[in-house]
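What follows is a short report on a single structure.
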Amino acid sequence: MKTCGKIVILTGAGVSAESGLGTFRDTDGLWANTRIEEVATPQAFARDPAKVHAFYNMRRRAAAAARPNAAHFALARLQEHWPAPVILITQNVDGLHAAAGGAALQMHGALSGALCAECGHRWSAPVEMTPRDLCPRCGAAATRPDIVWFGEMPLHMAEIEAHLGDCMLFVAIGTSGAVYPAAGFGAGVARRGIETLEINAAATDVSAIFDRHIIGRASQVVPAWVAQLLDRDPA
Ligand code: APR
């Protein structure tokens, strides 16, 4: 592939696994020990906001202690040196792409953000959030993590669809393809004849739709793939 057009990259929890942050659906993943219905739906928050806050406080502490790994840095390097736009779309809420110097559309929100369920105001989240936290704009005690829960519309979808519409290559890295709409991006671009590549530690639910596959741990195979693209050494 020598033409240098826009590349769109979707990342998932597998990219942050080697930074010490658990994935969701691996054997020791977050959903192995916690029920989605109890912490990651608007209904769960209405039912027991303290339980939901405890779950995201735990994840926020872990993310604050985590450092980006070689995969995050390599993707930031590709954004910097590729002679066309490299659009990073992430399902991750840990902020590690930005910590590595990259720029990502966080379609599932961010652990670092707080959102008022009453007026929609957004602000930086304290590490520990409680149901008593008040909105700095409307004063309501309806503060929630700025995370997109199951049954809610992801963020930046119009922008994401536009990028998927004019890219030359679509790459999915470290995602199981279990959650829509992100899991459908690959099939959508493949239908339009755009080249697709899946990079993952193992085959996924959507591997069949991809033209090419690279199997391996993100911190090893992503820097090598970026180096090959940039015709440079992976250092
Ligand atoms: N390198 C590359 N891939 C890895 C690694 C690694 N070191 N470790 C795990 N993986 C792969 C797994 O094989 C799996 O296919 O990463 C994928 C992680 O899948 P999930 O745990 O399902 O995470 P993700 O696809 O990001 O989940 C999507 O689901 O729970 C919701 O909102 C949450 O954004 C999340 C969405």
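What you are looking at is a predicted structure, and each value in this text was computed from that prediction instead of being measured. One-based numbering, in listed order, for ligands and for the atoms of each. What you see below is based on every heavy atom in this structure, not just the backbone, and it leaves out hydrogens, waters and symmetry mates.
Every residue meeting the side-chain contact (heavy atoms from CB on, under 4.5 Å) condition with A125, not counting sequence neighbours, appears here in chain and number order: R60, A114, M129. Residues passing the side-chain contact (heavy atoms from CB on, under 4.5 Å) test with L78 are I9, W82, V86, W225, V226, L229, L230, sequence neighbours excluded. Qualifying ring pair (Phe, Tyr, Trp, His ring centres under 6.0 Å) partners for H53, counting only residues two or more places apart in sequence or in other chains: F45.
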(message) Evaluate E38 against R47 for salt bridge (charged side-chain N to carboxylate O under 4.0 Å, His left out), listing each step before the verdict.
(response) CA-CA 9 Å; E38 290 178 5; R47 206 171 35 245; over 6 Å; no
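Judged by distance alone, with hydrogens and angles left aside, the side-chain atoms of Q79 form no donor-acceptor pair with the main-chain N or O of G102 at under 3.5 Å.
Checked against the 6.0 Å centroid threshold, F55 and W31 count as a close aromatic pair.
For ligand 1, the protein residues placed under 4.0 Å by at least one non-hydrogen atom are G12, A13, G14, A17, E18, T23, F24, R25, D26, W31, Q91, H108, F150, G174, T175, S176, V179, N200, A201, G216, R217, A218.
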